[in-house]
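In what follows, a structure is listed as structure tokens, so that the remarks can point back to it.
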Amino acid sequence: GGRGTRLEPWPAPKPLMPVRGITILQRLIDHLRTRFCDLVSDVVVCTGYRSDDIANAIFFGGHDRVDISDAGEAATMASRLLKVVFDRSVREKILICYGDELADVDIAALLKSHQGAALTFTAALATTPGGTVCTSGDKVQIVENKERLINIGFVIVEPKCFEYLKPEDGLSDWINRVAEEERVNVYNHLGRRATINSLADLKYAEEVW
């Protein structure tokens, strides 16, 4: 998750935003540790901005077997991932989760849908703010409340995919580059979810959870 500038006056990084008294990060770790402890062997939180605050939250939250990888204050998403892969000499598939996305994704079902793929990302139906632009020939129309599939993270990645990752990449850039050469699957999530980028998003997340 990023700096959370759209959540002001909240002063902390987005993963530490409480949703009904429990931070996004804690909810995410609990989801992985409680429901899927047989599938998730290690949890590494990839930090940059205000890493010490996140580390303290993990420590005081009583999470064991959760490590911190601090790539520096100005680190990009990709450089944070590459640091973990390099430092740990990653040789097996990993699950990447956003730090500002809450979703009750079934990791076992996600893993099953990954069979034979180099990368599998999770998508969910969402309404486009402002409406979706639809074109047909010369006709242009804005359709309100039209749902479309969006990427919500929860990405299973085989080690070879990191050969395609550049430090300046966003997750979508990386997925698209992998898809040019390798098999990429999409797992459709039908459960609860909320991306928390604004106070309105937070209100919605607190209604859902």
Side-chain angles (χ1 to χ4, degrees), residues 1-3 13-15 24-25 27-29 31-33 35-52 54-55 58 63-103 105-124 149-189 193 195 197:
R3 295 171 182 256
K14 279 194 287 185
I24 299 170
L25 182 60
R27 286 183 181 275
L28 178 58
I29 293 173
H31 178 65
L32 298 176
R33 281 282 187 232
R35 289 190 58 194
F36 304 103
C37 59
D38 56 328
L39 297 177
V40 179
S41 58
D42 299 288
V43 174
V44 181
V45 181
C46 303
T47 65
Y49 175 62
R50 293 180 64 170
S51 179
D52 288 346
I54 294 176
I58 290 172
H63 294 292
D64 59 343
R65 294 186 301 136
V66 175
D67 292 334
I68 295 286
S69 173
D70 181 5
E73 189 81 7
T76 63
M77 180 280 298
S79 60
R80 294 197 299 267
L81 289 175
L82 288 169
K83 175 175 170 51
V84 171
V85 171
F86 178 79
D87 289 350
R88 292 172 168 262
S89 301
V90 171
R91 296 288 184 269
E92 55 187 336
K93 65 175 65 67
I94 66 171
L95 170 68
I96 300 170
C97 303
Y98 288 149
D100 57 3
E101 176 79 29
L102 278 179
V105 175
D106 185 335
I107 305 302
L110 170 60
L111 190 61
K112 185 176 180 180
S113 75
H114 177 69
Q115 299 298 324
L119 182 152
T120 300
F121 68 94
T122 305
L149 279 175
I150 64 166
N151 168 31
I152 64 168
F154 288 87
V155 186
I156 294 182
V157 181
E158 298 292 339
K160 63 181 176 181
C161 293
F162 288 100
E163 299 172 8
Y164 301 98
L165 181 60
K166 299 178 181 179
E168 66 273 15
D169 280 346
L171 192 62
S172 297
D173 301 315
W174 182 30
I175 292 173
N176 289 339
R177 191 175 300 115
V178 173
E180 292 176 1
E181 303 291 338
E182 308 284 352
R183 177 176 165 184
V184 170
N185 288 351
V186 181
Y187 172 72
N188 291 336
H189 173 60
R193 63 159 297 270
T195 302
N197 286 318

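In what follows, residues are counted from 1 in the order of the sequence shown. Quick note: numbers below take in every heavy atom, side chains included, and nothing from hydrogens, waters or symmetry partners.
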Which distance, rounded to the nearest 0.5 Å, do you find between the [atom1] of [X] and the [atom2] of [Y]?
X	Y	atom1	atom2	result
Ile24	Ile29	CD1	CD1	12.0 Å
Cys97	Ile107	SG	CD1	6.0 Å
Leu110	Asn188	CG	CG	11.0 Å
Cys161	Ile156	SG	CD1	11.5 Å
Leu171	Asn176	CG	CG	9.5 Å
Leu81	Leu165	CG	CG	6.5 Å

Using a 3.5 Å distance criterion without hydrogens, assess whether the side chain of [X] forms a donor-acceptor pair with backbone atoms of [Y].
X	Y	value
Asp70	Cys46	no
Thr122	His189	no
Ser79	Thr76	yes

How close do [X] and [Y] get, counting heavy atoms only, and between which atoms?
X	Y	result
Met77	Gly170	CE-C, 3.6 Å
Pro159	Arg91	CG-C, 3.5 Å
Ala78	Pro167	CB-O, 3.4 Å
Ala118	Lys160	CB-CE, 3.7 Å

Would you mind reporting whether [Y] and [X] have side-chain heavy atoms less than 4.5 Å apart?
X	Y	answer
Val157	Phe121	no
Asn185	Gln115	no
Ile175	Val184	yes
Val43	Arg33	yes
Ser69	Thr47	no
Val155	Leu95	no
Tyr98	Ile152	no

Quick one: side chain to side chain donor-acceptor pair (under 3.5 Å) partners of Arg193, sequence neighbours excluded?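 Side chain to side chain donor-acceptor pair (under 3.5 Å) list for Arg193, sorted by chain: Glu101, Thr195.
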Show your reasoning for whether side-chain contact (heavy atoms from CB on, under 4.5 Å) applies to Asn197 and Asp100. CA-CA 7 Å; Asn197 286 318; Asp100 57 3; 3.4 Å; yes
Carboxylate-amine/guanidinium proximity below 4.0 Å for Asp67 and Arg88: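 Here Asp67 pairs with Arg88 in a salt bridge, since their nearest N and O are under 4.0 Å apart.
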Look at atom CD of Glu92 and say whether more than 12 heavy atoms of other residues, nucleotides or ligands are closer to it than 6.0 Å.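 12 or below, so no.
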Aromatic contact, Tyr187 with His114 (centres under 6.0 Å):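 Aromatic pair excluded; centres sit 6.0 Å or further apart.
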Test side-chain contact (heavy atoms from CB on, under 4.5 Å) on Phe36 and Asp106 and set out the steps. CA-CA 9 Å; Phe36 304 103; Asp106 185 335; 3.6 Å; yes
Checking side-chain hydrogen bond (donor to acceptor under 3.5 Å, both in side chains) for the pair Tyr164/Glu180: CA distance, chi angles, key distance, verdict? CA-CA 10 Å; Tyr164 301 98; Glu180 292 176 1; over 6 Å; no
If the condition is ring pair (Phe, Tyr, Trp, His ring centres under 6.0 Å), which residues does Phe162 pass it with, not counting sequence neighbours?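 Partners of Phe162 by the ring pair (Phe, Tyr, Trp, His ring centres under 6.0 Å) criterion, ordered by chain and then number, come out as Trp174.
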Restricting to salt bridge (Lys or Arg N to Asp or Glu O under 4.0 Å), what partner residues turn up for Arg177, sequence neighbours left out?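 Salt bridge (Lys or Arg N to Asp or Glu O under 4.0 Å) list for Arg177, sorted by chain: Asp169.
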